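Each chain gets a letter, A, B and so on, in the order the sequences are listed, and its residues count up from 1. It should be emphasised that the depicted structure is a prediction, and the values quoted were computed from it without experimental measurement.
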2 protein chains.
Amino acid sequence: MNFFQEKAVTSSDKTFFQLREEIVEGHISAGSKLSEVELSTKYEVSRAVVREAINRLEACNIVERKANVGARVVTLTSDGLLELYQIREALEGMAARLAAQNMPDAEINQLSSLLEGQQDEVKQRNVYYQEAGDLDFHYRIIVGSQNQQLITMLSNGIYHLARMYRVQLGMTGPRVTTAYDEHIHIVRAIANRDGELAEILMRRHIQYSKNNIAVKLSNMK
Amino acid sequence: MNFFQEKAVTSSDKTFFQLREEIVEGHISAGSKLSEVELSTKYEVSRAVVREAINRLEACNIVERKANVGARVVTLTSDGLLELYQIREALEGMAARLAAQNMPDAEINQLSSLLEGQQDEVKQRNVYYQEAGDLDFHYRIIVGSQNQQLITMLSNGIYHLARMYRVQLGMTGPRVTTAYDEHIHIVRAIANRDGELAEILMRRHIQYSKNNIAVKLSNMK
DNA sequence: AATAACAAGATTGTCGACAATTTATTTGTT
DNA sequence: AACAAATAAATTGTCGACAATCTTGTTATT
């Protein structure tokens, strides 16, 4: 599930991961208040480690904090979704461009064959692809950019927030086949070392998936 | 100086700002270790607030921390510079595109007249422009994007790291006039509501300034 | 002499308690 | 009854102390 394996060495790490998961998966609902004492009893750690975890979540834009008042889980809005996907478009577009420059041939081949392997599943509309496969695809390209700061930004911060939107809007299953085709074309551009095209295609790909979510979100309201 | 005024309400805020400034301005040298006890005596606060400040600096990519070992100020490398400017190119390019969409006419006019006011100074190569004027220009466009997450990302994190490179490589003064012309063209594109062009021009503008710094950096080595 | 095991020192991680601030409740006045 | 001020409760911010971990220096063994 976690492609970028993060191992919790410290107690604060563990609390951070747990808390993040509960929020992203919706077990702690969006907009709710995060009481430090409450959480410290729940996770059986001191308030200090809870504070540190909350601070880290704030840096990820998953919670908002006001001095002397407290922290709240962010609320999911259509504006926020739009903003997030504009950022993803810019950063992942750049990642695709850089991957076309920097990604080793071996990794490109792996990615190619990964997609080929998914082809059968996709054609019979297996749900697996959308969740894990799509993620794996994006993550490999991000890593392929070989821009460490970009990798950190996307996989530590933006990714989890994006997932929070997807999970809590119940995005599972749809748009599988078209997304698959888009993936194919992106990889082809990267394999051809055409950064310009890779970026354009990735940006379109993200625009499409944004529209897909935005529709769902407006339906729910 | 600080366009985005941040006011320190808590003691931890103040320490964070002080520490960040000392690092960015080079009074605490790049790559040096940040001892919690040392800093807590220096700033006359408890270790807890120093820890919190360091955590925030870590989120800004200004320091790196290893569990049970400690935090170090990041080292400035040509790779790091390249990575940073790739990110700036992506994000500020997007900001320019969004500004062309969303920036109110009044703000565009203000920006326009701001540039006109700078024209005279620039022609006699006044140093003022490069530092404050360039910053003001970029910041106004970022705000004009009206993407709150983008604004936060750029002005809280990336901006300070970029400044750290500029300050510590002694980038003051050069490239004034050409940068000024680039600014003019970008604003024109925004005024014409041509997001496509605004993004392209902004990206070029950032590429140029990256090259400018990269040359300096390779000369120093 | 080189390496490994061990011990001493220093640094970070975690905790509970107190201080400062905010929020909720009560009291008092018109 | 409505509003304001004062008070009480709860929450966050800060602190110093202890525990766990890493680093350094020493000793012992081959």
K.L.:
In terms of heavy-atom contacts, does CD of B:Glu21 have more than 12 from other residues, nucleotides or ligands at under 6.0 Å?
P.N.:
no
K.L.:
Measuring from B:Glu58:CD to A:Arg56:CZ, what's the distance to the nearest 0.5 Å?
P.N.:
7.0 Å
K.L.:
Over its full length, what angle do the end axes of the helix from C:dA1-D:dT30 to C:dT30-D:dA1 make, each axis taken from five pairs and the result rounded to 10 degrees?
P.N.:
10°
K.L.:
In a check of side chain to side chain contact (heavy atoms under 4.5 Å, CB included) between B:Leu91 and each of B:Asn147, B:Ile158, B:Ile142, which one passes?
P.N.:
B:Ile158
K.L.:
Identify the pairs formed between an N or O of the protein and an N or O of nucleotides 9-11 of chain D at a distance under 3.5 Å, and give each distance.
P.N.:
none

K.L.:
For A:Arg204, does the CZ atom have more than 12 heavy-atom neighbours from other residues, nucleotides or ligands under 6.0 Å away?
P.N.:
no
K.L.:
If you look at every heavy atom in A:Asn156 and A:Cys60, which pair is closest and at what distance?
P.N.:
O-SG, 3.7 Å
K.L.:
Rounded to the nearest 0.5 Å, what separation is found between the NE2 atom of B:His27 and the OG atom of B:Ser32?
P.N.:
13.0 Å
K.L.:
For B:Glu25, look at atom CD and say whether over 12 heavy atoms of other residues, nucleotides or ligands are found less than 6.0 Å away.
P.N.:
yes
K.L.:
Are B:Arg20 and B:Phe17 in a cation-pi contact, defined as NZ or CZ under 6.0 Å from the six-membered ring centre and within 45° of the axis?
P.N.:
no
K.L.:
Going by side chain to side chain donor-acceptor pair (under 3.5 Å), A:His205 matches just one of A:His183, A:Lys210, A:Glu89. Which one?
P.N.:
A:His183
K.L.:
Does anyone know the first and last nucleotide of DNA chain C in reach of chain A, 5' to 3', at under 4.0 angstrom to a heavy atom?
P.N.:
C:dG13 to C:dT23
K.L.:
Between A:Val9 and B:Ser11, which is nearer to the 5' end of DNA chain D once each is assigned its nearest nucleotide?
P.N.:
B:Ser11
K.L.:
Quick check: closest heavy atoms across A:Leu81 and A:Tyr165, and the distance to 0.1 Å?
P.N.:
N-OH, 3.3 Å
